[in-house]
Amino acid sequence: MTIANKKSFYTISIICFVIMIGFSFIPPIGDITPTGMRALGIFLGCMVGWITGYIITTSLMGLTIYALYMPGESFSTMLSGMFGNVDMLMVVTSLLFAYAIQKSGLMDYVAQKLLSAKITTKSPWHLSVMMWLTTMLCTIFVVNSFAVIILMFALYYDIADQLGLKKQSPYVAFTLIGMAILASIAVGVAPYSSAVLVCIAIMSNLAPDVTYSIPEISGVNFCLVFCVFLIICVVSKILFKGKMNPHIDVSNIKAQNREVPLTPQIVISIFSIIALLIILLLPTFLPNENFLNVFLSRIGGAGCFMFISVILAFIVFKNEPMFDLEDAMTHGCRWEVVFLLGTALYLSKYLISEESGVLSTLTVALNNSIGGFGVYTAALIILFIALIFTNIASNGAAMQLFTPIFTVVLLSYGINPAVAIGLLAVVVDHGLIFPSGSVIGAFLHANKEWLTSSQVFKYTTFGATSLLIAVAVFGLPIALAFA
């Protein structure tokens with residue numbers, strides 16, 4: 001950590017501490033009780049730390065202050081409550097499963113097959129479309145958008161050098177940023193997407209009686225992402241005929257798209273994904289008393305992810321396991337997500353209780369602000385605000401802030417919020433306009449060799465606009481229809 005970073009760390013930590021402690025001295029707002037003000041201050045202090053990127057440190061600070069500051073709490077009971085939460089365990093096990101798929105080489109295989117297709121060499125537009133499609137599909141499988149971006153950008157750099165494409169040219173920039181746009185939203189498609197599971201966990205914590213179907217959410221999210229893909233393709237078809245036309249011959253893509261063999265590891269990964277999908281789908285079609293349904297309910301979603309991951313870890317090829325669970329816990333499990341989710345879930349337990357008065361105050365404020373609108377307009381306004389916020393702050397902070405709000409608003413209209421919450425998971429993952437929005441956003445802004453700052457701002461804003469149009473025209477009406 002540099003001296004500048006240390007100063008920033010200490011400054012943010014002091015600000016978070018002051019908010020956590022000092023908020024309780026503010027006179028109660030609305031129906032919020034004095035202890036509710038304490039809990040709200042701790043949560044807001046955590047939000048500041050999460051937004052600025054100090055997730056684990058801020059979470060531990062918030063938990064410690066909560067244990068000391070709230071009646072009847074202790075640090076040990078809080079940690080056991082955090083790591084014993086079933087929804088959080090599902091997120092952890094899904095991250096391990098996604099890491100196993102990534103290590104199998106399935107992503108390389110899919111990328112190579114798509115990019116070796118004849119359609120890729122027809123025109124610069126076809127090349128870009130195949131790059132976007134490859135990025136989208138790989139992200140759906142792997143559920144690690146940054147890993148996919150690193151791979152696909154490196155692949156495109158080689159292709160661009162071979163074809164003589166100029167760095168920072170409009171065509172190159174639009175293609176690269178189009179890949180980032182699709183990767184950022186495609187991460188919310190797979191049934192084992194941690195983004196969706198985190199939002200569902202928050203929703204379930206707030207409204208435990210709400211039923212949901214992960215396959216339904218994944219299906220709607222896939223259609224939403226595909227709509228954005230089509231918008232990018234149509235707009236680029238027009239742009240690439242004008243000023244963005246690179247005037248190159250793309251028929252020269254050669255063997256740097258190396259042949260990736262269909263290894264046993266890749267085959268097993270494909271079958272493991274199919275098995276997982278079947279396991280997740282079966283309870284939807286089986287009666288509750290069916291023995292298989294009872295068996296699967298005893299394992300649970302987290303157990304299914306872990307069971308398949310453990311099996312993959314025991315499969316050995318040439319004295320090497322398909323993937324190492326110990327390595328996965330170190331490099332595959334995003335602990336900042338775990339601590340953020342665990343802390344938020346635990347702190348929100350009191351915030352959503354009647355004793356705190358926070359939820360009733362929030363509900364009254366929201367009803368006063370959007371009470372005159374129908375459910376579609378109200379939901380679209382919240383999604384729009386969430387999209388703006390996630391581009392300024394981090395995806396995780398936007399997720400923690402807007403999932404409870406969206407849930408409460410939709411429930412107030414008598415709407416099942418599950419599928420719409422899935423849309424929110426996609427929206428809050430699209431934080432590319434500013435470097436503070438996400439890791440990919442920071443990566444784009446830092447990639448001065450290939451992209452200019454104006455290109456990043458301009459094309460990522462186009463991506464956010466495309467997502468909002470797709471949500472308004474397709475995603476939200478379908479989500480409300482499912483409700």
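When a residue number appears, it is its place in the shown sequence, counting from 1. These figures come from a predicted structure and were not determined experimentally. The basis for the numbers below is simple: all heavy atoms, side chains too, and nothing from hydrogens, waters or symmetry mates.
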Quick check: closest heavy atoms across [X] and [Y], and the distance to 0.1 Å?
X	Y	result
H430	N391	O-ND2, 3.1 Å
T58	C16	CG2-SG, 4.3 Å
L410	A420	CD1-CB, 3.5 Å
S145	I440	OG-CD1, 3.5 Å
L444	V456	O-CG2, 3.8 Å
I32	G36	CG2-C, 3.7 Å

Contact check, side chains of [X] and [Y], non-hydrogen atoms, under 4.5 Å:
X	Y	answer
M20	C46	yes
P417	V210	yes
M203	N205	no
F23	R38	no
T57	F9	yes
F305	L96	no
I181	L467	no
V426	V196	no

[atom1] of [X] to [atom2] of [Y]: how many Å apart, nearest 0.5 Å?
X	Y	atom1	atom2	result
N416	I421	CG	CD1	10.0 Å
L387	L424	CG	CG	10.5 Å
I200	S204	CD1	OG	6.0 Å
F226	I140	CZ	CD1	10.0 Å
C138	M152	SG	CE	6.0 Å
I42	M70	CD1	CE	6.5 Å

Tell me if a side-chain donor or acceptor on [X] pairs with a main-chain N or O of [Y] at a distance below 3.5 Å.
X	Y	result
T403	I202	no
E216	S213	no
T139	T135	yes
S59	T343	no
Y376	A472	yes
D429	S184	no

Checking V419 against Y212 for the side-chain contact (heavy atoms from CB on, under 4.5 Å) test, could you report, in this order, the C-alpha distance in whole Å, the side-chain angles of both residues, the deciding distance, and whether it holds?
CA-CA 7 Å; V419 179; Y212 61 88; over 6 Å; no
Please check if the distance between the ring centroids of F43 and Y66 is under 6.0 Å.
no
Quick check, are the ring centers of F153 and Y156 under 6.0 angstrom apart?
no
side-chain contact (heavy atoms from CB on, under 4.5 Å) for S8 and Y54? Distances and angles first, verdict last.
CA-CA 10 Å; S8 174; Y54 300 107; 3.2 Å; yes
Take T465 and I469 through the test side-chain contact (heavy atoms from CB on, under 4.5 Å) and record every step on the way to the result.
CA-CA 6 Å; T465 304; I469 292 172; 4.1 Å; yes
Ring pair (Phe, Tyr, Trp, His ring centres under 6.0 Å) against F474, all qualifying residues, sequence neighbours excluded
none
So, using ring pair (Phe, Tyr, Trp, His ring centres under 6.0 Å) as the criterion, who are the partners of Y157 when residues are at least two apart?
W450
Should the pair W132 and F174 be assigned to parallel (<30°), tilted (30 to 60°) or perpendicular (>60°) ring geometry?
perpendicular
Is it the case that atom CD in Q168 sees more than 12 heavy atoms from other parts of the structure closer than 6.0 Å?
yes
Should the heavy atoms of other residues, nucleotides or ligands under 6.0 Å from CZ of F307 be counted, would the total exceed 12?
no
Please step through side-chain contact (heavy atoms from CB on, under 4.5 Å) for the pair L40 and S356, ending with a clear verdict.
CA-CA 9 Å; L40 183 58; S356 70; over 6 Å; no
Checking V427, L224, V225, L432 against I185 for side-chain contact (heavy atoms from CB on, under 4.5 Å), the one that qualifies is V225
Say whether K103 and S269, considering side chains only, have a donor N or O and an acceptor N or O under 3.5 Å apart.
no
How far apart are the C-alpha atoms of D327 and Y99, what are their side-chain angles, what is the distance that settles it, and do they pass the side chain to side chain donor-acceptor pair (under 3.5 Å) test?
CA-CA 10 Å; D327 177 62; Y99 186 74; 2.4 Å; yes
